[in-house]
There are 2 protein chains.
Amino acid sequence: MHAELQLDNQVCFRLYTAARLVTQAYTPMLTELGITYPQYLVLMVLWEKDCQPVNDIAHRLMLETNTVTPLLQRMEKLGIISRKRGEQDKRQHIVSLTAKGREMEQRAYDLIPTGMSEQLASCPLKLEDYQRLVQELDSIINTFKK
Amino acid sequence: MHAELQLDNQVCFRLYTAARLVTQAYTPMLTELGITYPQYLVLMVLWEKDCQPVNDIAHRLMLETNTVTPLLQRMEKLGIISRKRGEQDKRQHIVSLTAKGREMEQRAYDLIPTGMSEQLASCPLKLEDYQRLVQELDSIINTFKK
DNA sequence: AAAGATAATATCGTGTGCGATATATTGTTA
DNA sequence: TAACAATATATCGCACACGATATTATCTTT
């Protein structure tokens, strides 16, 4: 019986579980918007800066392009983004928001912060705990990023 | 521009990213064992207590049975677990380790703690940081679990 | 004990993630 | 400048996750 191999001693299992459960907590609001959590991440990247090539979006989300490309294709079908070939560099696909994609920012703002803070009400963590948590997660992300 | 909707302010995006990256860090060792990370989680559950029904494994991992069932089917094909109908309750499928599945515990112990601590060497977090992190993640998991 | 409710597991469809590989374009170098 | 390397993106295959639904067995209630 190796204590190191026990589920209860695993940070990774907690990260994996916490990520799944918190993502699930977004689902009711995201369903109302008609999108998934990874699609919401792409939208946040584009709300911050519109018209970016696939690579920049992938880097920002620390995902591979073979994950992001099909994601963007689905989002294009939904009519929330559009893609066009880069003008200087024809290899690039420049991704931009449609009117529908831009309008979703306000709807997201009306739904998501409220919806999440309601669900977080029963969480014992305080603001400073979250701030430290974010920093520690960034340390972990930095340690393992490629 | 809503600050609440910026990627940099999102705990969930950190959890999502940290979980992916740390799981990826397990991949070289797990590939050597011929399994995936979720399969490794199932093995840890069974190393701790052999012969469990699907439901108990799913509860322990906080996953749905429609995720766990196909996972177990793949593991059965790999010859690391076996499944048989419950004797008192014929609806149950009792999952148990094969000899191969039991032997993998020692191999995992030889590969994984070493492999992970090498990769963690450059991480600035100290032991007490990890301990607090685990507790805070448990708080989050508890808040959002169903 | 027959009927309906509940429980345990499985199946199906969709959307990620990601390794491996392909394709098209651009940059570099002999 | 023709050949070759590098880059940006896409395609393919496989393994999760998970909502919705189906199937089989047990439990409960009349």
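The figures that follow rest on heavy atoms only: side chains count, while hydrogens, waters and symmetry mates do not. Letters A, B, ... are given to chains in the order of the sequence lines, protein chains preceding strands, and every chain is numbered from 1.
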**Request:** With heavy atoms under 4.0 Å as the rule, sort Arg20(B) into base, sugar-phosphate or nothing.
**Result:** sugar-phosphate

**Message:** In this structure, how many angstroms lie between the P atom of dC14(D) and the CG atom of Leu78(B), rounded?
**Reply:** 14 Å

**Prompt:** Toward the 5' end of DNA chain C, which comes first, Pro38(A) or Thr67(B), by nearest nucleotide?
**Reply:** Thr67(B)

**Separation of His2(B) NE2 from Asn9(B) CG (nearest 0.5 Å)** = 13.0 Å

**Asked** If only side-chain N and O atoms of Arg85(A) are considered, is one of them under 4.0 Å from the OP1 or OP2 phosphate oxygen of dA8(D)?
**Response** no

**Prompt:** Salt-bridged, Glu136(A) to Arg132(B), with N to O below 4.0 Å?
**Reply:** yes

**Asked** Ile81(A) and Ile94(A): same hydrophobic cluster, using ILVMFWY side-chain contacts below 4.5 Å?
**Response** no

**Item:** Thr143(B) versus Ser122(A), side-chain donor and acceptor atoms under 3.5 Å
**Value:** no

**Prompt:** Can any side-chain N or O of Thr98(B) pair as donor or acceptor with the backbone N or O of Gly79(B) at less than 3.5 Å?
**Reply:** yes

**Request:** Go through dC18(D), dT9(D), dC16(D) for me and flag the one nearest to the Glu64(B) side chain.
**Result:** dC18(D)

**Whole-Å distance separating the CZ atom of Arg74(B) from the P atom of dG13(D)** = 17 Å

**Range on DNA chain C touched by chain B - first to last nucleotide, heavy-atom distance under 4.0 Å** = dA7(C) to dC18(C)

**Item:** Most 5' of Met75(B) and Lys146(B) on DNA chain D, judged by nearest nucleotide
**Value:** Met75(B)

**Prompt:** side chain to side chain contact (heavy atoms under 4.5 Å, CB included) with Val42(A): which of Thr36(A), Ile80(A), Leu72(A)?
**Reply:** Leu72(A)

**Request:** Can you tell me the distance, in whole Å, between the CG atom of Leu72(B) and the C1' atom of dC16(D)?
**Result:** 13 Å

**Message:** So Asn66(B), base contact, sugar-phosphate only, or nothing? Heavy-atom distance under 4.0 Å.
**Reply:** base

**Message:** Between Met44(A) and Phe13(B), is there a side-chain heavy-atom distance shorter than 4.5 Å?
**Reply:** no

**Prompt:** Going by heavy atoms closer than 4.0 Å, what residues in residues 86-94 of chain A are next to DNA chain C?
**Reply:** Gln88(A), Asp89(A), Lys90(A), Arg91(A)

**Request:** Measure the acute angle between the ring planes of Tyr26(A) and Tyr40(A), then classify it against the limits of 30° and 60° as parallel, tilted or perpendicular.
**Result:** tilted

**Request:** Please confirm whether Arg20(A) makes a cation-pi placement over Tyr16(A), using NZ or CZ under 6.0 Å from the six-membered ring centre and within 45° of the ring normal.
**Result:** yes

**Complete:** Heavy-atom nearest nucleotide on DNA chain D taken for Gln39(B) and for Thr27(A); more 5' hit belongs to Gln39(B)

**Asked** Between dT11(D) and Gln73(A), is there an OP1 or OP2 to side-chain N/O distance shorter than 4.0 Å?
**Response** yes

**Request:** Figure out the CG/P separation between Leu30(B) and dC16(D), and round it to whole Å.
**Result:** 11 Å

**Request:** Among the candidates dC16(D), dG19(D), dT11(D), find the nucleotide nearest to the side-chain atoms of Leu71(B).
**Result:** dC16(D)

